[in-house]
*Asks:* 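Just passing along the structure, written as C-alpha cells.
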Amino acid sequence: MLHLILFQGLTGLANAMFLFLTAAGLSLIFGVTRIINFAHGSFYMLAAYLTYSLGTLLAGTPWQLGVTLAVAPLAVALLGGLIEVILLRRVYAAPTLHQLLLTFALVLIFGDAVEYVWGEANLSVPIPALLGGSVRLLGQPFPLYYLGVIGFGPLMALLLWLLMTRTRWGILVRAATQDREMVTALGVNQKRLFTTVFIVGSWLAGFAGMLAAPMISVNPGMDTTVIVEAFVVAVIGGMGSFSGSLLGALLIGELKAFGILFFPRISLVLVFALMAVVLVARPWGLLGKEEPLTAEGGELAALQHEGLPVRWRPWLAVFLGLLLLPAVLPPFYLIILTELFAAALLAASLNFLLGYGGMISFGHAAYFGLGSYGAGLLVVRAGVGMPLAFLLAPLLALAGAALYGALSVRLSSIYFAMLTLAFAQITYTIAYQWYDLTGGDNGLLGIWPHPTLADPSVYYWFALGVTTLCLVALFCVVRSPFGQSLRAIRDNPLRAQSLGISTRLHQWIAFLMAGLFAGIAGALFVFQKGSTFPDYLSVEKSIEPLVMILLGGIGSLSGPLVGAAVFKLLDTIITQYTQYWQALLGGILVLLVVNFPRGIVGYVLQLWSRRGPTDDPDAAAPRA
Amino acid sequence: MSSPPRAMRFLPPLAALLLVGSLTLLGPGAPPGWAADPILIGEINSYSGVASAFTAPYREAIKMAVEEINARGGALGRPIEVLFRDDKLRPDEGIKHAQELVVQRQVAILAGTFSSAVGLAVSEFARRAKKLFVAAEPLTDVLTWQKGHRYVFRVRPNTYEQGRMLAERAAKLPHRRYAVIGPNYEYGRKAWEGFWNRLRELKPGVEMVAEYWPKLGEGEYSSYITGILNAKPEVVYTSLFGSDWIAFVKQASPFGLFQRAFVIGILLGEPEYIEPLGMSAPEGMLVTGYPWYAIDTPAHTDFVKRYRERTGTPPRQGSLVGYITLLSIAAAIDRAGSLETEKLVTAMEDLEVSTPIGPIRYRGFDHQSTMGAWIGTTKRDPQRGFGIMIDWRYVPGEEVLPGKEEVEKMRQAGQ
Amino acid sequence: MMMLEVTNLEVAYGLSQVLFGISLRAGSGEIVALLGRNGAGKSTTLKAIMGLLPIREGHIHLRGREVTGQPPYILNQLGIGYVPEDRRIFHGLTVRENLLVGALPERRRSKRGRQDGWDFERVFELFPLLSGLVERKAGTLSGGEQQMLSIARTLMGNPDVLLLDEPTEGLAPKMVHALEAQIGKLRDAGLTILLSEQRVKFALRLASQAYLLERGRIVFHGGTEELMANEAVRRAHLMV
Ligand SMILES: Nc1ncnc2c1ncn2[C@@H]1O[C@H](COP(=O)(O)OP(=O)(O)O)[C@@H](O)[C@H]1O
Ligand SMILES: [Mg+2]
C-alpha cells in the first residue's frame, strides 16, 4: 500500500509539474491581457518538435542539452511575442468571442503547419543521458527523469515567485492583473508589458513542452490535449494566480493518478467534473479574485447590424426556390443542403443565445449531440420508430440545457464560456465512455428515417420544413417582449436588474430554447446520416457554429444562415483540393476577426449603406 | 428603424442563388459517363493523425498496384482509378465521404478504413446503400460476423484470429496473472477479448489482475503503469499502437515494466510500430507483425524490390495490406465481368487471389479472407538500428478461423 | 503659458454622449476646482484628459504642446498624474510595491534629469502615516490610508499636473482635514492640480478658480470668491 501511494503519488506529482508550467503561462497571459490563449498548447507542441529537431541536429555533441534548453523555449517565446505584436494587439478591445476565435484560429494554423513541416508520424525524443535510467525506491525502479521533473518544478516555481515579487516587471504584471488601466495611467507602456507577458508566458509553455518531449510521443495532436488540461488547471486554481496554477496542477495531477486506480471507468469525467464543481461554487477559481459583473454584451451589440431586410416577400421567394430545387439538383447536393439546414438551425440557435442573450457558449455542440443521441438511443436501444423518436429526441437536449444552464447562467462572459465548454466535455466523455449505452467510439448506427422519408429529396423537404418552422419560431421569440428583455440584459445587466427584470430566469429560459433548437438540429442531422458519434459533442463541433455566426455576422437573423451556407460551401469545395483545410479555416477566421468583425452580411450592408442615402453613416463606421 | 434601400430586398434570393450556384459549379464533380472512362474505386482511410504511419505506405502500395494493373490493361478493359478520402479516424467523416463517393461520384466499390469504428460505420452505410465495401484494415471481428452482411468483405486477419494466434503461444507459458492495457475503443477491446477468450479455454486457471482502458491518444501513461505494476502481473497484454505505444514504451521502460513482466502486444511487431522506437524497442515481447526483411519467397522478394524501387523505402504492413486489397478488387471485377454490385459480391465470395504472400481466399459464408499473420518475438537489431521479429512463423487464416456453424451462431446473436 | 488647457472636449460612452464642449485652463502651480453633482461629468473629464477615454472632439494642450489622443502612459511620462476617484490601489500588492508601480524606472528618471523628484523618503514625509505600513498589503489599509497611498503612488511618477478625482469621498472628517493640508503642500511644491470635488467648501478653500459642471456642460467659471458671491449659481447647482 505504501508502495502504491508513493509511486502513484510521485507520477502524479511529475505530471503536476508539466501542468503547472503550462497552466502558469496560460494564467499569466490571461491575468494581464484577459485573453484566453488557446494557442498556448500549440507553443507547447512547437517546443516539443523543436526539441526533437535540435536533438537530431546536434545528436552526440556535448552541447546538445544546453543548446536545447536555451533555444527551444526561447524560440517559442519569441514566436509568442511576434504573434502578440502582429495579431493579438489588434483585438484587445474586441468582444471576448472574437478574441477566443482568433486564438483558436492560431491553433488550427499551427496544427497544420506542424504537420506540414514535421509530417504526421509520431516522433520520439530520447531522454537526455544525464537523466536516463531509473533509481530504486522501496526496492523498485522509478524513472530518474520523473524525479528530475519533480525537482525542476519547485525550482521553476521558486524562480517564478522571485520574478513576480522581486522584479519591477513582476510587480507591474501583478498590478496589471488587478487593474491594467490604472497601470497604464501610472506611466507603464501597456503594449510593451503585454508583449513581454506573452513572451514569458509562451516561454513557460515552451519549457514545459521541451521538458515533456522525452516522456511522450511527439505528434500533431498534442496541442489540444495539453491546452484542455492546462485550461482546466488554470480555471480550477483561478485565472491570473500563480499559486492557483500550482494548487490546480497538484490537484489535477494527483486526481488523475489516483482516479485511474480507483475509478478507472470515470477517470476522464473526474477532471472536468472537478472543474465544473469549482466553477459552480467559486466561478473565479480556488485562489482567483472575484470579478464584478460587467456588461460585455454591449461590446457585441456594437458589432451588430440589422442583417438582411426582414421582409416576408424576398424570404418567401428563397423558400419557394429551395422547395423546387429537388426538381433540378442531383441527390448529392440535396444531401449537402439538408446538412446545411441542420447547420443553419444550429447556428441560429446559438446566435439567439449569443447575439441576443449576450451569452458566449463554447459548448453548444452538447445540445446538438444530445438531440442526436436522443434520437439514436430511442431508435437503437428502445426500438422507437422515427416520427416519435424525432419528436422526443430534442427533449434530451432540453433536459441537458435545463441542468447545465441553471448552473452556468450565473457567470459572466469568460467564465460562462468556460463552464459551458466543461459541460460539453463532460457530455462528450460520457458518450465516449459509457460503452454499453452509447456504443462508445463506435457510436450508434442504423438510425434511419421512416420509409416515407427515406428518399433524399423527401427528407430534404422534411428538413426544409422543420428548419423553416424553427427559424420562424426563433424570429417570433426575438421580436417578443421576452426577446426585448433579453437584449436589455445583454446590453446592461445591472440596469436590467434595477428595472425589475429577473436576469437569471430570462437567461436560463433563453439557454433552454437555444438548447432545444440545437437538439432539433441534431435530430434532423442524425436521421439523415443514420448514425451518431461522440464527435458530435466535441469542441470542434462547438466551434463550428461560432465560426458560422462570425462569418455571417452576430446578432442578426440572417447572419447565421448566410454564415452556415458559406461555411458549408467552403467546407465542401476546399476540402476537395487541399488537406490543409484547417489552416485555411484558421486563416479565414483571422481575417474575419481582424478585418471584418461584423461578418459578411455586416460588410455587405456597410458597403451598401455607404452608397445608399437612407442610412446613418455613423452607425456603420467601426468603433474607435 | 430606417427602411432599407429597395434594392436590398433582392439580397436574400440573390444570396441563395449564389450559394446553390457555386455549390453545383465548384462542388465535387459528377461521374464521367462513358465506357472508356476509368472504373472508380472509393477509398476511405485515416490519412491524417495517429494512423498515418500505417496509411501512408498503404496508399503508396495501392497506387503501385493500380499502375501495375492498368499497365496490364486494367479491368474489363478499363483503367482503374482510386479516389482517396481522409476520414481523420472519425466515423462521421467516413460516412460523409462514403455518401459523396457513392451518391455523387458513383464509385463501383468502396474500400479501405483503418479504425474499427469507421469501418463499422461505413459498413452500415454500404449495407443500406447496397454497395460493395472491401474493408482493408479495421480489425474488429464483429465487422464480418455479428454485424456482417452481404456487402462487406475484409482483407486482414481480425482481432479474433490474431488474438487466437497469440493465445495459443501464451498458453504454453507458465504464467497465470495477466494485466491488460489498451485504447478504449472497438479495436482495443476486441483485440483483448479475442485473446482472453481463447486463452481461458486453453488454460482455465489464468486470472486477470488489472485492466486499464485509457482513451485513444491518451499519451500520458505513467499512472497506468504504476497501477499495472502494483497488481504484480506476470504478463502484460497490450493493444496500444501508434503514438500511444511509443509513449507507453518510453514511460514504461524506466519503471522496469519490460523486465518485471512478460509483454504480449498484438500488431506490435509491425514495422509501423517497432521501427520508430529505434534501439529502445522492448526485447522479448510476443507479437504479431510483418517481418518483411525475412520472408524470402520469390513473389514476396519481388514485391519488396518493386516497392523499394518505387518509394525508396521498404514496405510496411500497410503496404502489404493496400497492395492485396487492390489485387482483390481487381480480381473480383474480372471474375464478375461487370460493375453491378450484386454480381461483384457474388464474384467476391470464395474468390481466390494470388498475392505476394501466397494465395488467399474470401470465404463465402462470412466474407473474411484467409490472409494470415506472422507471430514472433521481438529483438533489437543493431545493424538495422531498430527492432525486428525473430523465431517467427506465418499462421494462415485457416488455422485460426472459426467454421461456418460457429459464425452463424455469432451472426444470430448479433442481429 | 498655461500648464493645462482643454478646449471643446466632447466625449461619449458608446452612443451616449456625456461631455459637450468642455473647455478649461489651469496655470502652473495653481489648484483649479472642478465642481458638480454626481453624474455631472467630472470623472469623465479627468479620464478623458488622462487618455483613458476616446475623445470625439476637442483638444488638450500641456505646456502649450498638443497631446490630444496620446495613450495614457505617454501622458504620464509627459507629466500628467492621475488619481482616480475610487483610489484603485492594487489590493494584492504591498504599499511599497504600489509605490514602485508608480515610480519612474531608473532609466527614465535619469533621462528626465530631475534630481529633485519624488521618492520614498519624500512621499513618507508628506504622508507619515504610510511610512509605518510599507510591507502591509494595500487591501488591508483603511479608506484614508488608501487615498493617501493612491496620491503617493501617482506622485512617485513626478507629475507636473495632478488630476485628483474626489479625494475626500467617503473619508472621515479628520482625514479630510489632513488631506487638505497635504494637498496644499503639493501646490506649494509647484504642482498644478485639477481637483474634482463634490465638497464645495473643501475645494474652494484650496482652489484659486473653479469650473462648475452640469450635465456635461460648463455652466460657470470664475475665481472662487466670484463663485461664493454668486448666490444664484450656488443655490441652483451647489446647494450650499
Ligand atoms: N462607463 C460608463 N458607461 C456609460 N455611461 C457612463 C459610464 N461612466 C459614466 N457614465 C455616465 O456619464 C455621466 C457622467 O459620469 P461621471 O463622469 O462619472 O460623473 P461625475 O464624476 O461628475 O459624478 C453619467 O451620466 C454617467 O451615468
Ligand atoms: Mg465621479
Side-chain angles (χ1 to χ4, degrees), chain A residues 4 7-8 11-12 14-15 120-122 124 133-134 141-145 215-217 219 221-222 225 256-257 260-261 264 268 308-309 311 314-315 317-318 321 325 329-333 335-336 440-443 445-446 448 529-531 533 535 562 565 569 572-573 576 579 608 612 614-615, chain B residues 1-5 8-13 15-16 19-20 22-24 26-28 30 48-50 52-53 86 90-92 95 99-100 103-104 117 120-121 124-125 128 184-186 212-213 215-217 219-220 222-224 226-227 230 242-243 246-247 250-251 254-256 276-278:
Chain A
L4 176 73
F7 272 54
Q8 218 66 16
T11 54
N15 286 319
E120 284 151 352
N122 314 296
S124 174
S134 10
F142 187 84
L144 185 60
Y145 194 79
M215 284 323 295
I216 55 178
S217 112
N219 64 67
M222 61 192 281
T225 319
K256 281 181 74 182
I260 283 166
L261 219 52
L268 278 178
L308 297 179
R311 307 263 155 160
W315 287 103
V318 171
L325 274 184
L329 276 193
F332 178 65
Y333 296 120
I335 293 175
I336 291 194
D441 203 49
N442 290 344
L445 304 176
W448 297 112
K529 291 282 155 198
S531 47
F533 305 100
D535 271 324
V562 175
L569 191 66
T572 312
I573 294 171
Q576 289 182 96
Q579 56 168 319
W608 208 292
T614 46
D615 271 36
Chain B
M1 214 186 311
S2 62
S3 105
M8 260 173 64
R9 290 173 199 168
F10 297 109
L11 267 183
L19 160 77
V20 175
S22 38
L23 185 67
T24 44
L26 303 171
S48 55
V50 285
S52 57
D86 180 11
R90 280 173 29 198
D92 55 324
I95 291 185
Q99 222 161 25
E100 184 243 334
V103 179
Q104 180 71 353
L120 286 171
E124 164 68 13
F125 175 86
R128 191 169 161 89
N184 185 21
Y185 85 116
E186 181 72 14
Y212 290 107
W213 302 105
K215 67 174 197 289
L216 184 64
E220 218 320 294
S222 47
S223 307
Y224 294 100
T226 44
N230 186 62
S243 56
I246 294 179
K250 298 186 93 169
Q251 291 160 21
F255 281 104
L277 287 167

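What you see is a predicted model, and the numbers here were worked out from it, not measured in a lab. First the proteins, then the strands, lettered A, B, ... as listed; each starts at 1.
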*Asks:* Would you say the side chain of Gln104(B) lies within less than 4.5 Å of the side chain of Tyr333(A), judging by non-hydrogen atoms?
*Replies:*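 Yes, close enough: below the 4.5 Å cut-off.
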*Asks:* Please look at Ile335(A) and chain B and tell me whether the side chain, the backbone, both or neither of the residue comes under 4.5 angstrom of a heavy atom of that chain.
*Replies:*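 The answer is the side chain of Ile335(A).
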*Asks:* Please report the interatomic distance OG(Ser222(B)) to CD1(Ile260(A)), rounded to the nearest 0.5 Å.
*Replies:*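 If I round to the nearest 0.5 Å, the distance is 7.5 Å.
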*Asks:* Are the side chains of Asn230(B) and Leu261(A) in contact, using a 4.5 Å heavy-atom criterion?
*Replies:*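 Of all side-chain heavy-atom pairs linking Asn230(B) with Leu261(A), none is under 4.5 Å.
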*Asks:* Out of Pro330(A), Ala317(A), Gly446(A), Gly530(A), which one racks up the most heavy-atom pairs below 4.5 Å with chain B?
*Replies:*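 Result: the option with the highest number of such pairs is Gly446(A).
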*Asks:* Nearest heavy-atom pair of Met215(A) and Gln251(B): which atoms, and what distance?
*Replies:*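 The pair with the smallest heavy-atom distance is O-NE2, 2.5 Å.
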*Asks:* Indicate yes or no for a side-chain donor-acceptor contact from Ser217(A) to the backbone of Ala247(B) under 3.5 Å, with no hydrogens or angles considered.
*Replies:*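 No, the answer is negative, given that no donor and acceptor are paired below the 3.5 Å cut-off.
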*Asks:* Under 4.5 Å heavy-atom distance to chain B, tell me which part of Phe533(A) shows up: side chain, backbone, both or neither.
*Replies:*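 For Phe533(A), the contact with chain B is made by the side chain alone.
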*Asks:* Examine whether an atom of Ala121(B) lies under 4.5 Å from a heavy atom of chain A, and if so say whether it belongs to the side chain, the backbone or both; otherwise answer neither.
*Replies:*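 Both backbone and side chain.
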*Asks:* At a heavy-atom separation under 4.5 Å, does Leu120(B) approach chain A through its side chain, its backbone, both, or neither?
*Replies:*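 Both backbone and side chain.
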*Asks:* Relative to chain A, which of Ala16(B), Gly278(B), Ser52(B) shows the most heavy atom pairs under 4.5 Å?
*Replies:*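 Top option by heavy-atom pairs under 4.5 Å: Ser52(B).
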*Asks:* With a 4.5 angstrom heavy-atom cut-off, could you sort out which part of Glu220(B) is near chain A: side chain, backbone, both or neither?
*Replies:*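 When you check distances to chain A, only side chain atoms of Glu220(B) fall under 4.5 Å.
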*Asks:* Examine whether an atom of Leu325(A) lies under 4.5 Å from a heavy atom of chain B, and if so say whether it belongs to the side chain, the backbone or both; otherwise answer neither.
*Replies:*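 When you check distances to chain B, only side chain atoms of Leu325(A) fall under 4.5 Å.
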*Asks:* Please flag which part of Asn184(B) lies under 4.5 Å from any non-hydrogen atom of chain A: side chain, backbone, both or neither.
*Replies:*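 It is both, since atoms from each part get that close.
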*Asks:* Checking heavy atoms, do the side chain of Ser531(A), its backbone, both or neither come under 4.5 Å from chain B?
*Replies:*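 Looking at Ser531(A), just its side chain touches chain B.
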*Asks:* Looking at Gly440(A), Pro141(A), Ser134(A), which makes the most heavy-atom pairs under 4.5 Å with chain B?
*Replies:*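 Highest number of heavy-atom pairs under 4.5 Å: Pro141(A).
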*Asks:* Which atom names give the shortest non-hydrogen contact between Gly133(A) and Pro254(B), and what distance separates them?
*Replies:*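 Here Gly133(A) and Pro254(B) meet closest at O-CB, 4.0 Å.
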*Asks:* Go through the atoms of Phe255(B) and report whether side chain, backbone, both or neither lie under 4.5 Å from a heavy atom of chain A.
*Replies:*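 Both the backbone and the side chain of Phe255(B) come within 4.5 Å of chain A.
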*Asks:* Side chain from CB out, backbone as N, CA, C, O: work out which of these in Leu277(B) comes under 4.5 Å of a heavy atom of chain A, or both, or neither.
*Replies:*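 Leu277(B) has no heavy atom closer than 4.5 Å to chain A.
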*Asks:* Measuring from Lys215(B):NZ to Thr225(A):OG1, what's the distance to the nearest 0.5 Å?
*Replies:*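 Between atom NZ of Lys215(B) and atom OG1 of Thr225(A) there are 6.0 Å.
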*Asks:* Considering all heavy atoms of both residues, which atom of Ser124(A) and which atom of Lys250(B) are nearest to each other, and what is their separation?
*Replies:*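 So the minimum-distance heavy-atom pair works out to OG-NZ, 3.5 Å.
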*Asks:* Sort out for me which of Gly256(B), Ala53(B), Ser243(B) touches chain A most, counting heavy-atom pairs under 4.5 Å.
*Replies:*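 Winner by heavy-atom pair count: Ser243(B).
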